[in-house]
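Report on the following structure.
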Protein chains: 2
Amino acid sequence: MSRMAAKDRREELIAAAFRVMVRDGVVKTTTRAVVNEAKMPLGVFHYCFNSREELLQEVITRITDSGVAKARNVFEGEGDLGARIARSLYTFWEGVELSPGEHQVGYELTHYALRQEGFEDLARRQYAHYLEVHEQLLAEAAESAGITWTVPLPVLARYLNAVLDGVTLCWLADRNSENTREVLRLTGEHLMSLAAKDA
Amino acid sequence: MSRMAAKDRREELIAAAFRVMVRDGVVKTTTRAVVNEAKMPLGVFHYCFNSREELLQEVITRITDSGVAKARNVFEGEGDLGARIARSLYTFWEGVELSPGEHQVGYELTHYALRQEGFEDLARRQYAHYLEVHEQLLAEAAESAGITWTVPLPVLARYLNAVLDGVTLCWLADRNSENTREVLRLTGEHLMSLAAKDA
DNA sequence: CGGCGTCTTGGACGATCGACCAACTATGAT
DNA sequence: ATCATAGTTGGTCGATCGTCCAAGACGCCG
């Protein structure tokens, strides 16, 4: 193998691990599967990571910080509040249908973290981040549309997050896209009914 | 060990497996952990089950048919539509806070089934069942309250299922009960706004 | 009593896993 | 050129897993 800095190899292994997760699931993401995906000898692994847990932890933080959540970060653009909400929900859903595996991995990692001693904080932070992103999104949308939410922002963000997680989870099981889109449309209308024009 | 019919031993093993799942998670529910929980020798396992997968499949169908979903089956009782909806959502949430592990196991099993070759149908059926229950609940509530839903029942059921799954998943991570209850209250009000009095 | 299913049991097998290590090699500073 | 540092490699260890089996024990029916 050509010589490479341990830092760089770490990054490649993290990327390889994520690909394996998407393809085969978190449980089957073994050290051997990862180095095989990255086309590296097995010995490399514990030279770059102290343990398998350390790798998974790294993947979780990457996903949390800038991965799947990015697809939700799309309240930008033109139009009134209704159009922007509808477009945001549509864009989110586009992301799910485009790469279901990535979202599936997100949930698997959450449950993995919840079961792993000392990893509960990772799951906690994961959802704290999601809620924060949604909160910020809703706040920006309200400001640029000149409205005020009639529901406390943390509650509204949690509601939005719940609907998105819920429809995704259900769709991963039954792949009913049509009804899912209808649910998102319904949710969009509901959100609009919770906006009050500023004085 | 006292002599016992294989059928009966199966049931005890299924129950033991469920307890292990709730306590340690699906991944750590090994054949040895199960027989240990049931206080049976290891050899019993493959006398009662052809494989570990067969046991997990049995647990999934039990949960799907009458387990966790039962907690949602509570639209019964007195009062107007608003009171009944609020009480139903509250009862559901009571169930989650009372035994979070059981709900957590439900999600873990869903993801397990989605990854297991040939088990996708189990996850499919699981959610088909949930949606059916919610649909029936909403239909009964509408009839006894003399209202009609202004949204197609399958869509409304999926929406309700999504919110419940979503808030549960989020709460399992951050344990924020207060905001979760607010989300459920908000959802209840939303549902009421989707009811039209019959002519 | 004798036989025949049904059930019980402890041990063993091969596979796979995370982790570890010793030997080797390349690189760059002195 | 020397040497310390950093990186590479293949093999191996012990643990754990699902699965299987042979030998025995029980209970029922003839």
Side-chain angles (χ1 to χ4, degrees), chain A residues 1-21 23-60 108-109 111-113 115-119 122, chain B residues 1-21 23-60 108-109 111-113 115-119 122:
Chain A
M1 207 80 208
S2 63
R3 205 176 169 82
M4 190 185 308
K7 292 276 182 187
D8 298 339
R9 230 173 249 281
R10 257 181 88 99
E11 295 306 315
E12 284 201 20
L13 284 173
I14 292 171
F18 184 69
R19 290 197 302 273
V20 175
M21 284 181 191
R23 192 193 330 121
D24 303 325
V26 172
V27 179
K28 295 181 183 172
T29 304
T30 67
T31 58
R32 284 172 175 81
V34 172
V35 296
N36 192 34
E37 169 75 21
K39 292 169 184 168
M40 299 179 187
L42 176 58
V44 173
F45 191 92
H46 281 87
Y47 183 75
C48 297
F49 296 94
N50 289 323
S51 68
R52 174 176 177 265
E53 288 188 5
E54 190 180 309
L55 167 66
L56 295 183
Q57 179 174 347
E58 209 70 49
V59 175
I60 293 178
E108 289 178 11
L109 284 175
H111 290 295
Y112 167 83
R115 290 292 188 186
Q116 206 73 10
E117 187 116 4
F119 276 49
L122 269 161
Chain B
M1 206 82 208
S2 63
R3 207 175 169 83
M4 190 184 309
K7 291 276 181 188
D8 298 338
R9 231 173 249 281
R10 257 182 89 98
E11 295 305 316
E12 284 202 19
L13 283 173
I14 292 171
F18 184 69
R19 290 197 301 273
V20 174
M21 283 180 191
R23 191 192 333 119
D24 304 325
V26 173
V27 179
K28 295 181 183 172
T29 304
T30 67
T31 58
R32 286 171 174 82
V34 172
V35 296
N36 192 34
E37 170 74 21
K39 291 170 183 169
M40 299 179 186
L42 177 58
V44 173
F45 191 92
H46 281 87
Y47 183 75
C48 297
F49 296 95
N50 289 322
S51 67
R52 174 177 179 264
E53 287 188 7
E54 190 180 308
L55 168 65
L56 296 183
Q57 179 174 347
E58 209 69 49
V59 174
I60 292 178
E108 288 178 11
L109 284 175
H111 290 295
Y112 167 83
R115 291 292 189 185
Q116 207 74 9
E117 188 117 3
F119 275 50
L122 270 161

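Hydrogens, waters and symmetry mates play no part in the numbers below; they use all other heavy atoms, side chains included. Throughout, protein chains are lettered first and strands after them, A, B, ... in sequence-line order, and every chain is numbered starting at 1. Everything numeric in this text was worked out from a predicted model, so none of it was measured.
Here A:E12 pairs with nothing under the side chain to side chain donor-acceptor pair (under 3.5 Å) rule; sequence neighbours left out. Listed by chain and number, the residues in a side chain to side chain contact (heavy atoms under 4.5 Å, CB included) with B:A16 are B:R19, B:V34, B:E37, B:A38 (sequence neighbours excluded). Every residue two or more places apart in sequence or in another chain was checked for a side chain to side chain contact (heavy atoms under 4.5 Å, CB included) with A:N36, and none qualifies. For A:Q57, the side chain to side chain contact (heavy atoms under 4.5 Å, CB included) criterion is met by A:F119, A:L122, not counting sequence neighbours. Under the side chain to side chain donor-acceptor pair (under 3.5 Å) criterion, A:R32 pairs with no residue at all, not counting sequence neighbours. Residues passing the side chain to side chain contact (heavy atoms under 4.5 Å, CB included) test with B:I14 are B:E11, B:F49, B:L55, B:E58, B:V59, B:R62, sequence neighbours excluded.
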With B for base contact, S for sugar-phosphate-only contact and - for none (protein heavy atoms under 4.0 Å), nucleotides 22-30 of chain C reads ----BS---
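A heavy atom closer than 4.0 Å to some atom of DNA chain D occurs in A:M4, A:A5, A:A6, A:R9, these being the qualifying members of residues 4-13 of chain A. Using a 4.0 Å cut-off on heavy atoms, the residues of residues 44-51 of chain A that approach DNA chain C are A:H46, A:S51, listed by number.
In this structure, CZ on B:R23 lies 10.5 Å from CZ on A:R115, to the nearest 0.5 angstrom.
Under the salt bridge (Lys or Arg N to Asp or Glu O under 4.0 Å) criterion, no residue pair touches residues 39-51 of chain B, with sequence neighbours excluded. Applying the side-chain hydrogen bond (donor to acceptor under 3.5 Å, both in side chains) rule to pairs touching residues 40-50 of chain B yields B:N50-B:E54, sequence neighbours excluded.
B:D24 places its CG atom 16 Å from the C1' atom of D:dC17, with the value rounded to the nearest Å. Remark: C1' of C:dA19 and CD of A:E54 are 13 Å apart, rounded to the nearest angstrom. When the C1' atom of C:dC7 is taken as reference, atom CE of B:M40 falls 12 Å away, rounded to whole Å.
Here the side chain of A:L42 is nearest to one of D:dT19, C:dA19, C:dT9, namely C:dA19.
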Show the atom names and distances, to 0.1 Å, of all donor-acceptor pairs under 3.5 Å that link a side chain in residues 1-9 of chain B to residues at least two apart or in another chain.
| unit_1 | atom_1 | unit_2 | atom_2 | d |
| --- | --- | --- | --- | --- |
| B:R9 | NH2 | B:S2 | O | 3.0 |

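Position along DNA chain D of the nearest nucleotide to B:T30 versus A:R32 favours A:R32 as the more 5'-ward residue.
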